[in-house]
Amino acid sequence: MKVLLAALRQTHRAAVRSSVAGGGLAPLREEALVVGSSRELVRTLGPRAEVRTGFITEEEEGALLRELEPGLKKKRYEWDHWDDAIHGYRETERVSWGSACEEVMSRVRSTAFPEGSPLLGPVHILDLDKTGYIKPHIDSVKVGFLFGHIYDILSTPSGNIPLRALTSVLLKFCGSTIAGLSLLSDSIMRLVKEDSTDEWMDLLLPRRSLYILRDQARYDFTHQILKDEESVFNGRKVPRLRRISIICRNLPG
């Protein structure tokens, strides 16, 4: 492991790289998949920010896209988000899958989450336009919204929302792990420590890879997907095309 001069941003210091086992898309497969602001950060945070290249095959990616595209095509890309975290996106949720895709999702669950760990609701599907991006943010790990339950409450004949019922809807806690499949494009995920922005780590997410964020990587670091014009990894341009991510989260153990 050695110190690299990373041409990512002028504000970034010398970067340290860490190799992750597995093949990726040429010509990037021989490159490190993780670079960071220090050797110590990569050593301590690296095991909690994992990238598995070639997690699905081209055929499996095609099967997933065939299931997802019909629903996504009915939606328009949006350019603002309720918490201003995402621009140029459309999203949906998926409760059930065909047999080929269910086998893939089962593999994601067994790889990313402890055995028997309950997952949070439907699988989240996020479709980023080529010009879209995800701004630095930390996912809400304390509050989640059960939209179906909210609908039931709002549909009560009285039209009133009982405080106790609303509280039970809002106080749904998320767990320690998030995992995402990357379809259609390579991309760069940047993690920056919330209270110390000179501590950072970039993950190269090749097409058809699986990323897994756990514990401190999820709680203490913002994460973002870089814009195409900013998509440079270890001094090398990584073109950002349209990207679909399939995201799973767990509930507290």
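These numbers were taken from a predicted model, which means no experiment stands behind them.
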A.B. asks: Is it the case that the side chain of T92 and the backbone of I125 share a donor-acceptor pair, with hydrogens and angles ignored and the cut-off at 3.5 Å?
C.D. replies: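 Answer holds: no.
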A.B. asks: List the residues meeting ring pair (Phe, Tyr, Trp, His ring centres under 6.0 Å) with H223, not counting sequence neighbours, and say none if there are none.
C.D. replies: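 Per chain and number, H223 pairs via ring pair (Phe, Tyr, Trp, His ring centres under 6.0 Å) with H137.
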A.B. asks: Are T131 and W79 packed together at the side-chain level, in the sense that at least one heavy-atom pair is separated by less than 4.5 angstrom?
C.D. replies: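 The answer is yes, as the side chains (C-beta and beyond) meet within the 4.5 Å cut-off.
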A.B. asks: Tell me whether S176 contacts the main-chain N or O of D215 through its side chain, where contact means a donor paired with an acceptor under 3.5 Å.
C.D. replies: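 Not a single qualifying donor-acceptor pair exists.
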A.B. asks: Any link between I244 and I56 through a network of hydrophobic side chains (Ile, Leu, Val, Met, Phe, Trp, Tyr) touching at under 4.5 Å?
C.D. replies: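 In one cluster with I244: I56, yes.
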A.B. asks: Nearest heavy-atom pair of L205 and S182: which atoms, and what distance?
C.D. replies: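 Nearest heavy atoms, L205 then S182: CB-OG, 4.1 Å.
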A.B. asks: Answer yes if L41 and V35 sit in the same cluster of Ile, Leu, Val, Met, Phe, Trp and Tyr residues linked by side chain heavy atoms under 4.5 Å apart, and no otherwise.
C.D. replies: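 Linked within one cluster.
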A.B. asks: Mark yes or no for whether S209, through its side chain, and R52, through its backbone, hold a donor-acceptor pair below 3.5 Å.
C.D. replies: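 Not a single qualifying donor-acceptor pair exists.
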A.B. asks: Would you call D228-K130 a salt bridge at under 4.0 Å N-O?
C.D. replies: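 Here D228 pairs with K130 in a salt bridge, since their nearest N and O are under 4.0 Å apart.
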A.B. asks: Quick check: do E61 and L65 have side-chain heavy atoms less than 4.5 Å from each other?
C.D. replies: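 With C-beta onward as the side chain, the pair touches.
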A.B. asks: Can you list everything that forms a ring pair (Phe, Tyr, Trp, His ring centres under 6.0 Å) with F55? Sequence neighbours excluded, please.
C.D. replies: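 Once residues adjacent in sequence are excluded, F55 has no partner under the ring pair (Phe, Tyr, Trp, His ring centres under 6.0 Å) criterion.
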A.B. asks: With side chain to side chain contact (heavy atoms under 4.5 Å, CB included) as the criterion, how do S187 and R243 come out once you've worked through the C-alpha distance, each side chain's angles and the decisive distance to 0.1 Å?
C.D. replies: CA-CA 8 Å; S187 60; R243 175 181 184 266; 3.0 Å; yes
A.B. asks: Please lay out, stage by stage, how K193 and D198 fare under the test side chain to side chain contact (heavy atoms under 4.5 Å, CB included).
C.D. replies: CA-CA 8 Å; K193 194 168 186 182; D198 61 340; over 6 Å; no
A.B. asks: With a 4.5 Å heavy-atom cut-off, do W97 and L68 have their side chains touching?
C.D. replies: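 Answer yes - side chains close enough.
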A.B. asks: I'd like to check the side chain to side chain contact (heavy atoms under 4.5 Å, CB included) partners of L119; sequence neighbours left out, ordered by chain and number.
C.D. replies: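 Checked L119 against side chain to side chain contact (heavy atoms under 4.5 Å, CB included); matches are R109, F113, N250.
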A.B. asks: Which atom names give the shortest non-hydrogen contact between I134 and Q224, and what distance separates them?
C.D. replies: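 The pair with the smallest heavy-atom distance is O-CB, 3.0 Å.
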A.B. asks: Whether R90 and D127 form a salt bridge (side-chain N of Lys/Arg under 4.0 Å from carboxylate O of Asp/Glu) is what I want to check.
C.D. replies: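 Looking at R90 together with D127, the answer is yes, because their closest N to O distance falls below 4.0 Å.
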A.B. asks: For the residue pair Y133 and L226, what are the closest heavy atoms and their distance?
C.D. replies: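 Closest heavy-atom pair between Y133 and L226: CB-C, 4.4 Å.
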A.B. asks: Could you work out, with side chain to side chain contact (heavy atoms under 4.5 Å, CB included) as the rule, every residue matching E194, not counting sequence neighbours?
C.D. replies: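 Only I138 meet the side chain to side chain contact (heavy atoms under 4.5 Å, CB included) criterion with E194.
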A.B. asks: Please determine if E60 and R107 form a salt bridge, counting it only when a charged side-chain N lies under 4.0 Å from a carboxylate O.
C.D. replies: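 Looking at E60 and R107, the cut-off is met.
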A.B. asks: Of all residues at least two apart in sequence or in a different chain, which pass the side-chain hydrogen bond (donor to acceptor under 3.5 Å, both in side chains) check with T111?
C.D. replies: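 Not a single residue meets the side-chain hydrogen bond (donor to acceptor under 3.5 Å, both in side chains) criterion with T111.
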A.B. asks: State the CG-CZ distance between L183 and R207, to the nearest 0.5 angstrom.
C.D. replies: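 Rounded to the nearest 0.5 Å, the CG-CZ separation comes out at 8.0 Å.
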A.B. asks: Quick check: do L128 and I225 have side-chain heavy atoms less than 4.5 Å from each other?
C.D. replies: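 Contact flag for L128/I225 side chains = yes.
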A.B. asks: If you look at every heavy atom in A112 and T177, which pair is closest and at what distance?
C.D. replies: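 The answer is O-CG2, 3.6 Å.
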A.B. asks: With a 4.5 Å cut-off on side-chain heavy atoms, are M201 and V42 touching?
C.D. replies: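 V42 reaches M201 side chain to side chain.
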A.B. asks: Can you check whether V51 reaches L210 side chain to side chain, under 4.5 Å on heavy atoms?
C.D. replies: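 When only atoms from C-beta onward are counted, L210 and V51 do not touch, as no gap falls below 4.5 Å.
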A.B. asks: Can you name the nearest heavy-atom pair linking F233 to L204, along with the distance?
C.D. replies: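 The answer is CE1-N, 3.7 Å.
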A.B. asks: I'd like to know if the side chain of H124 reaches the main chain of E93, judged simply by a donor and an acceptor atom lying under 3.5 Å from each other, with no hydrogens or angles considered.
C.D. replies: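 Checked: no pair found.
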A.B. asks: Under 4.0 Å between a Lys/Arg side-chain N and an Asp/Glu carboxylate O for R76 and E78?
C.D. replies: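 E78 and R76: not salt-bridged.
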A.B. asks: When you measure from the side chain of S106 to the backbone of E103, do you find a donor-acceptor pair of N or O atoms at a distance under 3.5 Å?
C.D. replies: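 Not a single qualifying donor-acceptor pair exists.
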A.B. asks: Before giving the answer on side chain to side chain contact (heavy atoms under 4.5 Å, CB included), spell out for L64 and V104 the whole-Å C-alpha distance, their side-chain angles and the decisive distance to 0.1 Å.
C.D. replies: CA-CA 9 Å; L64 290 164; V104 171; 4.3 Å; yes
A.B. asks: Is there a side-chain contact between L203 and L213 (heavy atoms, below 4.5 Å)?
C.D. replies: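 Sidechains of L213 and L203: in contact.
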A.B. asks: With hydrophobic residues grouped by side-chain heavy-atom distances under 4.5 Å, do L181 and I86 end up in a single group?
C.D. replies: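 No, no single cluster joins them.
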A.B. asks: Within the side chain of R48, is there an N or O that forms a donor-acceptor pair under 3.5 Å with the backbone of T44?
C.D. replies: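 Flag set: sc R48 to bb T44 pair under 3.5 Å.
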A.B. asks: Ignoring hydrogens, what is the shortest heavy-atom contact between A49 and A217? Give both atom names and the distance.
C.D. replies: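 Smallest interatomic distance, heavy atoms only, reads CB-CB, 4.4 Å.
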A.B. asks: Can you name the residues that form a side-chain hydrogen bond (donor to acceptor under 3.5 Å, both in side chains) with R94, not counting sequence neighbours?
C.D. replies: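 Testing R94 for side-chain hydrogen bond (donor to acceptor under 3.5 Å, both in side chains), a comparison that skips the adjacent residues, returns E67.
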A.B. asks: Output yes when R240 and D129 qualify as a salt bridge under the 4.0 Å nitrogen-oxygen rule, no when they do not.
C.D. replies: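 Judged by the 4.0 Å cut-off on N to carboxylate O distance, R240 and D129 do not form a salt bridge.
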A.B. asks: Look at R190 together with E230 and state whether they make a salt bridge at an N to O cut-off of under 4.0 Å.
C.D. replies: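 Salt bridge: no.
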